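Here the structure is a predicted model, which means the values were calculated and not measured.
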Amino acid sequence: MEVDQVVPLPRLPRVAVCGGTHGNELSGVYLVRELLKLQREVMKKKQEEDSKPALVLLVLSNPRAMQQCRRYVDTDLNRCFTHATLNGPLSDMAPYEIIRARELNALLGPKGSPEAVDLVCDLHNTTANMGLCFIGYSDCDWICLHIFRHLQREMPDTPMRFLHFDVSNKESYSLDSVGKHGFAMEIGPQPHGVVRSNIYTAMKVGVQHMLDWVRLFNSGNVFEGGFVDVFTMVKHIDYPRDSETRNITAAIHPCLQDRDFCLLHPEDPLFQTFSGETVRYKGTEPLYPFFINECAYYEKGIALSLARKRRVTIPAIRVQTEQEQQANEQGFASEEEE
């Protein structure tokens, strides 16, 4: 893809900002609540006719978990959006989050359909020292990559990375996968069940810049091409465990703790056992660790994840003209008929 080649993309008339998918990740909970309070006033403001503002849907994703300040009630909602889970048989004893996932899919989707919202931004917190991360399933979604690049320019003092989970659309499991475009905005470190002003503010500013970009895009601005460093997840590493009890026998090594996205080389310290011994990284290539010692991942058997970094070229983009959009819609209809 040439950097200077301008790619026309469909308008983004409907954007969803979701918080509380995990009920104890409080920056998103409080931010969406605040935005809901302001929404009526914002909707009353006159917009320029040619700006064609996006409709912003504000969603509190997991109200029961929020009420209890827990990650989830029955099962992790942010693992419930695979094609199989959304479309399989539903029993009378289905977990609450499975039912809620289908409600959200009906509201924002259906996933993979022309009726799905154009962009989903799902707000999350991590206990790991990861700064502000976009997490997406595609490394060639020019909309998400351009939004990320816009935030990088507008928030130069905030550490920012783009994480890519290489998973197919059917197997993609998180709420953001319901939209035509989508990403999770993950910000930390922040303890679960706590809200920190600096983390909340970074999220608020990031969401505002994202919505500003969407408005500019819909208004016809051309965004120049360039490059984005993308971290593609390679594998997870579990804690050392007792072979019989399965209890963990070590913690993240002090030399690695809080050093998310610092290159981990073979033989670097990885864990420190509870008896004081150092366990070293036995991989064959240097990789970038992230979600280091994430509190919520103890139950998932993940001490940290490792990623490979590469530079992705992104083209210049602009919104499609009405004629281009009509031609695309006719082409889509023809494909369906075939």
Atom pair [atom1]/[atom2] of [X] and [Y] - distance to nearest 0.5 Å:
{"X": "Leu35", "Y": "Leu58", "atom1": "CG", "atom2": "CG", "value": "5.5 Å"}
{"X": "Leu306", "Y": "His236", "atom1": "CG", "atom2": "NE2", "value": "10.0 Å"}
{"X": "Leu287", "Y": "Lys309", "atom1": "CG", "atom2": "NZ", "value": "12.0 Å"}
{"X": "Asn24", "Y": "Tyr72", "atom1": "CG", "atom2": "OH", "value": "10.5 Å"}
{"X": "Met185", "Y": "Cys133", "atom1": "CE", "atom2": "SG", "value": "11.0 Å"}
{"X": "Asp176", "Y": "Phe134", "atom1": "CG", "atom2": "CZ", "value": "11.0 Å"}

Whether [X] side chain and [Y] backbone form a donor-acceptor pair below 3.5 Å:
{"X": "Ser172", "Y": "Val167", "result": "no"}
{"X": "Arg14", "Y": "Glu115", "result": "yes"}
{"X": "Asp118", "Y": "His181", "result": "no"}
{"X": "Tyr137", "Y": "Glu171", "result": "no"}
{"X": "Asp242", "Y": "Thr249", "result": "no"}
{"X": "Lys180", "Y": "Pro114", "result": "yes"}
{"X": "Gln190", "Y": "Val194", "result": "yes"}
{"X": "Arg318", "Y": "Val222", "result": "no"}
{"X": "Gln257", "Y": "Ala251", "result": "no"}
{"X": "Asn129", "Y": "Asp258", "result": "yes"}

Kindly give the heavy-atom pair with the smallest separation between [X] and [Y], and that separation in Å.
{"X": "Thr127", "Y": "Pro189", "answer": "O-CB, 3.5 Å"}
{"X": "Cys80", "Y": "Ile98", "answer": "SG-CD1, 3.6 Å"}
{"X": "Leu304", "Y": "Pro289", "answer": "CD1-CB, 3.5 Å"}

Treating Ile, Leu, Val, Met, Phe, Trp and Tyr as nodes and any side-chain heavy-atom pair under 4.5 angstrom as an edge, say whether [X] and [Y] lie in one connected cluster.
{"X": "Val73", "Y": "Met66", "value": "no"}
{"X": "Val312", "Y": "Val234", "value": "no"}
{"X": "Leu263", "Y": "Leu270", "value": "no"}
{"X": "Ile143", "Y": "Ile135", "value": "no"}

- Tyr288 and Phe231 aromatic ring geometry - parallel, tilted or perpendicular at 30°/60° bounds: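 Rings of Phe231 and Tyr288: perpendicular, as their planes differ by over 60°.
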- Task: Give the ring-plane orientation class for Phe162 versus Phe148, where under 30° counts as parallel, over 60° as perpendicular and anything between as tilted.
- Result: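 Perpendicular: the ring planes of Phe162 and Phe148 meet at over 60°.
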[X] atom [atom1]: more than 12 heavy-atom contacts under 6.0 Å:
{"X": "Lys282", "atom1": "NZ", "answer": "yes"}
{"X": "Lys300", "atom1": "NZ", "answer": "yes"}
{"X": "Arg79", "atom1": "CZ", "answer": "yes"}

- side chain to side chain contact (heavy atoms under 4.5 Å, CB included) with Pro269: which of Leu264, Thr278, Ile252?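 The side chain to side chain contact (heavy atoms under 4.5 Å, CB included) with Pro269 is passed solely by Thr278 among Leu264, Thr278, Ile252.
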- Task: Among Val15, Leu216, Ile147, find the residue that satisfies the side chain to side chain contact (heavy atoms under 4.5 Å, CB included) test when tested with Leu211.
- Result: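 Running side chain to side chain contact (heavy atoms under 4.5 Å, CB included) over Val15, Leu216, Ile147 with Leu211 returns exactly one hit, Val15.
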- Task: Check step by step if side chain to side chain contact (heavy atoms under 4.5 Å, CB included) holds for Met203 and Asn125.
- Result: CA-CA 9 Å; Met203 182 176 284; Asn125 290 123; 4.0 Å; yes
- Tell me the side chain to side chain donor-acceptor pair (under 3.5 Å) pairs involving residues 80-99, sequence neighbours left out?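 Sorted pair list: Asn62-Glu97, Thr82-Thr85, His83-Asn87.
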- Please, which pairs that meet side chain to side chain donor-acceptor pair (under 3.5 Å) have at least one residue in residues 149-169, sequence neighbours excluded?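 Of all non-adjacent pairs touching residues 149-169, those that pass side chain to side chain donor-acceptor pair (under 3.5 Å) are His164-Thr232.
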- Item | Check: Pro266 and Pro286 side chains under 4.5 Å, non-hydrogen atoms |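 In short, these two side chains touch, coming nearer than 4.5 Å.
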- Answer whether the closest heavy-atom distance between the side chains of Ile302 and Glu294 falls below 4.5 Å.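 The answer is no, as the side chains (C-beta and beyond) never meet within the 4.5 Å cut-off.
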- Does one side chain, of His22 or Asp76, offer a donor that lies under 3.5 Å from an acceptor on the other?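 Yes, because at least one side-chain N or O of His22 sits under 3.5 Å from a partner of the opposite role on Asp76.
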- Apply the ring-ring contact (aromatic ring centres under 6.0 Å, His included) test between Phe291 and each candidate in Phe165, Tyr298, Tyr297; give the one that qualifies.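 Of the listed options, the one satisfying the test is Tyr297.
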- Task: Just jot down the side-chain contact (heavy atoms from CB on, under 4.5 Å) partners of Pro254, sequence neighbours excluded, or say none.
- Result: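 In terms of side-chain contact (heavy atoms from CB on, under 4.5 Å), with neighbours along the sequence ignored, Pro254 is linked to Gln272.
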- So Leu57 and Leu107, side chain to side chain contact (heavy atoms under 4.5 Å, CB included) or not? Walk me through it. CA-CA 10 Å; Leu57 305 171; Leu107 175 67; 5.7 Å; no
- Starting from the C-alpha separation in whole Å, work towards a yes-or-no answer on ring-ring contact (aromatic ring centres under 6.0 Å, His included) for Tyr30 and Tyr200. CA-CA 8 Å; Tyr30 284 109; Tyr200 171 87; 7.5 Å; no
- Query: When you check the gap from the basic side-chain N to the acidic O, do Arg308 and Glu285 get nearer than 4.0 Å?
  - Reply: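 Between Glu285 and Arg308 there is a salt bridge, with a charged N closer than 4.0 Å to a carboxylate O.
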